[in-house]
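See structure below.
What you are looking at is a predicted structure, and each value in this text was computed from that prediction instead of being measured.
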Amino acid sequence: MKPDILGYTLAQCESLAVELGDKKFRGQQLFGWMQKGAPLFEMKNLPAAFREKIAAECDYRLPEIAKKQVSKKDGTVKYLMRMTDGECVESVFMRYEHGNTVCVSCQAGCRMGCKFCASTLRGRARDLTASEILGQIVVIQRDTGERVGGIVMMGIGEPLDNYDNTVKFLRLVSSPEGLNIGLRHISVSTCGLIPGIKKLSEEGLPVTLSISLHAANDARRSSLMPVNNKYPIADLMAACRAYFEKTGRRVSFEYTLISGENDSEADAKALADLLKKGMRGPSHINLIMLNKVTETGFEAPDRKGAERFRSLLESHGMNATIRRRLGSDIDASCGQLRLNNLNE
Ligand code: SAH
């Protein structure tokens with residue numbers, strides 16, 4: 001198999017150049033071009049012979065934009081990205097006041113089985129490689145011509161179920177000679193795979209860990225998220241507290257509001273109590289309005305209901321924000337574009 005060189009570090013590109021009989025600095029040039037998503041023929045300062053060797057000996061592949069939807073409301077761009085074997089995933093480009101953020105996918109499909117989520121409906125086809133995760137950002141920067149300053153791993157897939165590629169990606173994308181996106185501007189979102197949380201806390205990567213909680217008691221959480229049967233709430237809270245103690249990074253919690261499932265007054269109080277007791281330190285709750293996925297049968301509460309839930313949390317001493325819904329006119333909730341494409 002030819003090496004997949006978009007996943008190479010600068011040092012690996014330099015060794016490659018030497019192996020191919022050229023100077024080390026050619027590797028640096030190649031690395032720089034790849035991070036810009038340039039095709040080989042555009043790499044004008046590289047000798048033609050060197051480029052030919054790369055083409056013959058290596059696999060330089062970028063995801064291809066299979067579909068693109070631009071929101072008329074807020075400029076959010078949603079991409080369906082096709083990998084070389086035909087698997088498609090979604091990536092979203094979002095503009096915020098503080099800069100541009102991209103939401104990336106890390107698996108083609110997902111095997112976690114959350115009942116409200118479109119990404120898991122057809123299971124997991126395969127993991128993405130570090131190069132395929134990075135490739136989504138490279139392609140988006142090239143397509144938009146804008147710099148990406150932040151990343152959320154909140155697309156299709158479970159980052160901690162594809163642990164090695166996720167960590168490799170985090171190191172690559174944050175490397176100063178590469179895209180240099182600060183780890184503090186990167187969120188890794190997980191449904192709560194505890195061994196992965198523990199391992200991640202030991203990597204020395206100051207990312208924001210984001211936990212998809214969605215319910216404050218085990219019975220409800222297990223009914224929405226099968227992963228809770230294996231890793232129940234008390235253990236998850238202990239793992240989050242350990243993560244905070246080890247890394248000094250505040251853990252954030254995602255809570256998708258689902259009408260009649262987890263949005264009552266009692267639910268708000270239970271959530272506040274759980275986090276106050278469980279985290280013993282600052283934590284933040286992101287409330288997400290459910291994006292309706294027809295197949296799941298769940299409904300979102302109305303805006304008023306969500307506001308009420310937020311102020312209840314506040315009255316119990318918890319900080320919460322309702323996540324602004326970017327790209328609501330383009331179906332920007334991850335998973336649906338891939339699914340529609342599979343069904344076509
Ligand atoms: N596997 C990771 C990333 C998933 S997507 C995780 O579980 O955290 C990011 C967030 O969107 C998660 O909190 C997920 O639970 C939530 N989500 C999934 N489907 C949703 C839907 N239909 N509406 C709103 N949020 C959803």
Euclidean distance, [Y] [atom2] relative to [X] [atom1], rounded to 0.5 Å:
X: Q29; Y: M43; atom1: CD; atom2: CE; answer: 10.5 Å
X: K292; Y: L290; atom1: NZ; atom2: CG; answer: 9.0 Å
X: S91; Y: I140; atom1: OG; atom2: CD1; answer: 4.5 Å
X: S212; Y: F253; atom1: OG; atom2: CZ; answer: 10.5 Å
X: M279; Y: Y243; atom1: CE; atom2: OH; answer: 11.0 Å
X: C191; Y: M112; atom1: SG; atom2: CE; answer: 5.5 Å

Hydrophobic cluster identity match, [X] and [Y], side-chain contacts under 4.5 Å:
X: L274; Y: I288; answer: no
X: M225; Y: L287; answer: yes
X: L275; Y: L313; answer: yes
X: L312; Y: L271; answer: no
X: L172; Y: L10; answer: no

Does the [X] side chain pair with the main chain of [Y], one donor and one acceptor, at a distance under 3.5 Å?
X: T208; Y: S187; value: no
X: D22; Y: A17; value: no
X: R95; Y: G75; value: yes
X: R51; Y: L46; value: yes
X: Q107; Y: E158; value: yes
X: T296; Y: V293; value: yes
X: S105; Y: E90; value: yes
X: K78; Y: S71; value: no
X: R221; Y: L213; value: yes
X: N162; Y: P159; value: no

- Taken in chain and number order and not counting sequence neighbours, the residues that satisfy side chain to side chain donor-acceptor pair (under 3.5 Å) with T9 are Q12
- Using a 4.5 Å side-chain heavy-atom cut-off and chaining through intermediate ILVMFWY residues, the residues clustered with L342 come out as none
- Query: Is there a donor-acceptor contact under 3.5 Å linking the side chains of R338 and S119?
  - Reply: no
- Compute whether any side-chain donor of one residue and acceptor of the other, for N100 and E146, lie under 3.5 angstrom apart. yes
Taking all non-hydrogen atoms of both residues, which atom of [X] and which atom of [Y] are closest, and how far apart?
X: R241; Y: G278; value: NH1-O, 2.7 Å
X: L224; Y: A215; value: CD1-CB, 4.5 Å
X: P63; Y: Q136; value: CG-N, 3.9 Å
X: K115; Y: F298; value: O-CE1, 3.6 Å
X: L40; Y: A55; value: CD1-CB, 3.9 Å
X: W33; Y: K44; value: CZ2-N, 4.0 Å

- Message: Tell me which one of V227, L193, T190 satisfies side chain to side chain contact (heavy atoms under 4.5 Å, CB included) with D161.
- Response: L193
- Query: With respect to M153, which candidate in C106, S210, C103 satisfies the side chain to side chain contact (heavy atoms under 4.5 Å, CB included) definition?
  - Reply: C106
Within a strict 4.5 Å, meaning less than it, do heavy atoms of the [X] and [Y] side chains meet?
X: I322; Y: R303; result: yes
X: V148; Y: L179; result: no
X: E132; Y: D4; result: no
X: R26; Y: L20; result: no
X: H185; Y: H98; result: no
X: I54; Y: F50; result: yes
X: R142; Y: L62; result: no
X: Q141; Y: Q35; result: no

- Item | Identified side chain to side chain donor-acceptor pair (under 3.5 Å) partner of N228 from the options D218, N217, D235 | D218
[X] and [Y] ion-paired at < 4.0 Å:
X: K304; Y: E307; answer: no
X: D273; Y: K269; answer: yes
X: E203; Y: R171; answer: yes

- Task: Walk me through it: do E265 and R308 pass the test side chain to side chain contact (heavy atoms under 4.5 Å, CB included)?
- Result: CA-CA 9 Å; E265 231 168 89; R308 189 183 45 104; 4.2 Å; yes
- Message: According to side-chain hydrogen bond (donor to acceptor under 3.5 Å, both in side chains), does anything in residues 53-62 pair up with another residue at least two apart or in another chain? List the pairs.
- Response: D59-R61, R61-T84
- Query: Is the H214 ring parallel, tilted or perpendicular to the F116 ring (thresholds 30°, 60°)?
  - Reply: perpendicular
- Would you please test L200 and T166 for side chain to side chain contact (heavy atoms under 4.5 Å, CB included) and show each step? CA-CA 10 Å; L200 188 64; T166 291; 5.9 Å; no
- Take E202 and K198 through the salt bridge (Lys or Arg N to Asp or Glu O under 4.0 Å) test and state the conclusion after the steps. CA-CA 7 Å; E202 285 155 11; K198 285 202 174 119; over 6 Å; no
- Derivation of the side chain to side chain contact (heavy atoms under 4.5 Å, CB included) call for V207 and R249: CA-CA 8 Å; V207 293; R249 301 283 298 157; over 6 Å; no
- Query: Is the number of heavy atoms from other residues, nucleotides or ligands under 6.0 Å of K67 NZ greater than 12?
  - Reply: yes
- Message: Test side chain to side chain contact (heavy atoms under 4.5 Å, CB included) on T247 and L209; report intermediate values, then the result.
- Response: CA-CA 10 Å; T247 64; L209 178 67; over 6 Å; no
